[in-house]
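A short write-up of the structure that comes next.
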Amino acid sequence: QGIMRIRSNPLPRRLVDVLCFLLIGIFLPVVFMFEIVVVLPAFHEPGGFFHTFTFLMAMFLVFNIKGNMIACMMIDTSVDVKKVEPPAGTLDWRECSECKPPRLVPPRSWHCKICKVCVLKRDHHCLYTGCCIGLRNHRFFMGFIFYLFVGSVYALVYNSIYMWIIQGHIYCNWLTLLKLTCPMLLLVTGNLWSNMYLLFYSLNILALAYGVLLLGYHVPIVLRGGVSADRTKESKHKFNRGVSRNLRTVFGNRMHIAWISPLIRSDLPDDGYHWGSLPEDK
């Protein structure tokens with residue numbers, strides 16, 4: 001595998017990438033503090049077992065969301081032309097005319113006009129990390145959306161009980177439903193505190209929907225050994241080596257524990273340059 005390379009400029013390049021990044025970068029810590037300071041004490045006595053357990057679970061989830069997101073941004077998954085020479089006959093290698101100067105790139109590598117590089121086993125350009133998802137950071141992207149989903153479910157359960165039951169005398173009315181349906185009403189009616197909580201609740205629902213949609217889209221692709229960039233039926237199944245091998249290609253040789261933390265090292269079985277001789281798991 002060699003030494004993992006770090007991107008020289010991990011910051012988002014486009015305005016839309018910056019805005020999406022800030023949505024997670026700012027929204028997540030602020031909501032986390034609100035949940036710990038306001039919502040959690042309404043359920044569990046501070047210092048008690050359930051309060052401590054829930055706090056530690058929340059810390060674990062936030063760490064994995066932010067940690068996997070940062071890993072996606074930091075890890076360089078672009079083609080390194082200095083590392084390997086094209087094989088004799090070039091096989092499936094092709095010339096990328098968008099690279100300056102044009103050069104041969106390995107199979108499954110595609111050029112990103114935003115990142116301005118060819119990316120190994122390119123999946124897609126992610127708005128929330130502001131970079132391409134490819135061979136070396138695919139695992140962290142999947143970890144990011146998985147823990148975003150789990151954290152959103154966890155928070156929504158607490159928030160729903162808090163809003164509709166514990167604080168039902170404030171929020172259980174038609175105006176609340178109208179505000180959740182049309183957030184612009186938050187600007188013209190209600191006090192700041194109650195509207196801020198409704199805003200957090202709306203973002204919680206959006207985060208859950210985002211997690212569900214992304215997991216529903218990307219998990220089947222990972223299980224079949226493909227990438228989002230696959231367009232033809234042949235390309236979608238060309239690199240399918242069985243579920244176990246496909247998962248190992250993304251999560252590495254220690255895939256059974258790699259999902260626990262982005263800090264766990266899990267070397268990938270493939271280098272991203274040679275795909276022709278991969279054995280299929282039985």
> Where do Val117 and Val79 land on the side chain to side chain contact (heavy atoms under 4.5 Å, CB included) test, with the steps shown first?
Replying inline: CA-CA 8 Å; Val117 293; Val79 175; over 6 Å; no
> Measuring from Leu206:CG to Tyr201:OH, what's the distance to the nearest 0.5 Å?
Replying inline: 12.0 Å
>> Do Met142 and Ile70 land in one hydrophobic cluster if side-chain heavy atoms of ILVMFWY residues count as linked below 4.5 Å?
In response: no
>> I'd like to check the side chain to side chain donor-acceptor pair (under 3.5 Å) partners of Tyr162; sequence neighbours left out, ordered by chain and number.
In response: none
>> Is the shortest side-chain heavy-atom distance between Glu35 and Asn159 below 4.5 Å?
In response: yes
> Got a second to check how far Met163's CE is from Cys172's SG, nearest 0.5 Å?
Replying inline: 9.0 Å
> Is there a donor-acceptor contact under 3.5 Å from the side chain of Lys179 to the main chain of Thr189?
Replying inline: yes
> What is the distance from atom CG of Leu127 to atom CG of Leu23, rounded to the nearest 0.5 Å?
Replying inline: 11.0 Å
> Should Asn64 and Pro262 count as side-chain neighbours, where that means a heavy-atom distance under 4.5 Å?
Replying inline: yes
> What are the two closest non-hydrogen atoms of Arg103 and Cys99, and how far apart are they?
Replying inline: NE-SG, 3.7 Å
> So, does Ser109 use its side chain to make a donor-acceptor pair with the main chain of Val105 at under 3.5 Å?
Replying inline: no
> Given the rule in the side chain to side chain contact (heavy atoms under 4.5 Å, CB included) test, do Met255 and Ser244 qualify, once you have shown the distances and angles that lead to the verdict?
Replying inline: CA-CA 10 Å; Met255 63 179 182; Ser244 178; 3.9 Å; yes
>> side chain to side chain contact (heavy atoms under 4.5 Å, CB included), that's the test. Do Thr54 and Phe43 meet it? Break it down for me.
In response: CA-CA 10 Å; Thr54 305; Phe43 285 84; over 6 Å; no
> Of all heavy-atom pairs between Asn68 and Phe140, which one has the smallest distance, and what is that distance?
Replying inline: CB-O, 3.2 Å
>> Applying a strict under-4.5 Å side-chain criterion to I, L, V, M, F, W and Y, I'd like to know whether Val250 and Phe239 cluster together.
In response: no
> Applying the 4.5 Å side-chain criterion to the ILVMFWY set and letting contacts propagate, would Leu56 and Val39 be lumped into a single cluster?
Replying inline: yes
>> If you apply the rule side chain to side chain contact (heavy atoms under 4.5 Å, CB included), what do you find for His44 with Phe55, and how did you get there?
In response: CA-CA 10 Å; His44 309 300; Phe55 173 77; over 6 Å; no
>> Is it true that, when you exclude Lys66 itself, more than 12 heavy atoms of the residues, nucleotides or ligands shown sit nearer than 6.0 Å to its NZ?
In response: yes
> Is there a donor-acceptor contact under 3.5 Å from the side chain of Asn137 to the main chain of Gly134?
Replying inline: yes
> For Met59, does the CE atom have more than 12 heavy-atom neighbours from other residues, nucleotides or ligands under 6.0 Å away?
Replying inline: no
> Within the distance-only criterion (no hydrogens, no angle test), does the side chain of Asn195 pair as donor or acceptor with the backbone N or O of Leu186 below 3.5 angstrom?
Replying inline: yes
> Who are the ring pair (Phe, Tyr, Trp, His ring centres under 6.0 Å) partners of Tyr217, not counting sequence neighbours?
Replying inline: none
>> With a 4.5 Å cut-off on side-chain heavy atoms, are Thr176 and Trp164 touching?
In response: yes
> Going from SG on Cys118 to CZ on Arg108, what distance comes out if it is rounded to the nearest 0.5 angstrom?
Replying inline: 15.0 Å
> When you look at Asn246 and Thr249, which way does the side chain to side chain donor-acceptor pair (under 3.5 Å) test go after all the steps?
Replying inline: CA-CA 5 Å; Asn246 294 339; Thr249 298; 5.2 Å; no
> What are the two closest heavy atoms between Ser194 and Asn191, and how far apart are they?
Replying inline: N-OD1, 2.8 Å
>> Given the ring of Trp110, does Arg94 sit roughly above its face, with NZ or CZ under 6.0 Å from the centre of the six-membered ring and within 45° of the axis?
In response: yes
> Thr129 side chain to Met73 main-chain N or O, any donor-acceptor pair under 3.5 Å?
Replying inline: no
> Where does the angle between the aromatic ring planes of Phe144 and Tyr128 fall among parallel (under 30°), tilted (30 to 60°) and perpendicular (over 60°)?
Replying inline: tilted
>> Between Val150 and Val153, is there a side-chain heavy-atom distance shorter than 4.5 Å?
In response: no
> Taking the six-membered ring for Trp, are the ring centroids of Trp193 and Phe34 within less than 6.0 Å of each other?
Replying inline: yes
> How many angstroms lie between atom CZ of Arg136 and atom SG of Cys72, to the nearest 0.5 angstrom?
Replying inline: 14.0 Å
>> Looking at Phe149, is its backbone amide N or carbonyl O close enough to the side chain of Tyr154 to form a donor-acceptor pair, meaning the two atoms are under 3.5 Å apart?
In response: no
>> Taking salt bridge (charged side-chain N to carboxylate O under 4.0 Å, His left out) as the definition, give me every residue that meets it alongside Arg14, ordered by chain and number, with sequence neighbours left out.
In response: Asp17
> Shared ILVMFWY cluster between Leu268 and Ile6, side chains joined below 4.5 angstrom?
Replying inline: no
>> Would you say CZ of Phe63 has more than 12 non-hydrogen atoms from neighbouring residues, nucleotides or ligands within 6.0 angstrom?
In response: yes
>> For residues Leu187 and Leu192: do they belong to one hydrophobic cluster (side chain heavy atoms under 4.5 Å, members Ile, Leu, Val, Met, Phe, Trp, Tyr)?
In response: no
> Would you call His124 and Cys132 a side-chain contact if the rule is heavy atoms closer than 4.5 Å?
Replying inline: no
>> Test your reading of the model: is there a side-chain donor-acceptor pair from Ser266 to the backbone of Ala258, 3.5 Å cut-off?
In response: no
>> For His237, I'd like to know if atom NE2 has over 12 heavy atoms of other residues, nucleotides or ligands within 6.0 Å.
In response: yes
For residues 24-32, run the donor-acceptor check on the side chains, cut-off 3.5 Å, and write out each pair with its distance to 0.1 Å, sequence neighbours left out.
none

> Are side-chain heavy atoms of Ser78 and Arg7 found at a separation under 4.5 Å?
Replying inline: no
>> Is the ring pair Phe141/His138 parallel, tilted or perpendicular, if the boundaries are 30 and 60 degrees?
In response: tilted
> Passes salt bridge (charged side-chain N to carboxylate O under 4.0 Å, His left out), Asp270 versus Arg241? Steps please.
Replying inline: CA-CA 13 Å; Asp270 314 300; Arg241 312 298 178 186; over 6 Å; no
Show me the donor-acceptor pairs, under 3.5 Å and distance only, between side chains in residues 218-228 and residues at least two apart or in other chains.
from   : atom 1 : to     : atom 2 : distance (Å)
Arg224 : NE     : Lys236 : O      : 3.1
Ser228 : OG     : Asp123 : OD1    : 3.4
Ser228 : OG     : Asp123 : OD2    : 2.9

>> I need the Leu247 CG to Arg139 CZ distance, nearest 0.5 Å.
In response: 13.5 Å
>> Ring-plane angle category for His274 and Trp93, please: parallel below 30°, perpendicular beyond 60°, tilted otherwise.
In response: tilted
>> Ignoring hydrogens and geometry beyond distance, is a side-chain donor-acceptor pair present between Asp267 and Asn253 at under 3.5 Å?
In response: no
>> Which residues pass the salt bridge (charged side-chain N to carboxylate O under 4.0 Å, His left out) test with Asp76, not counting sequence neighbours?
In response: Arg5
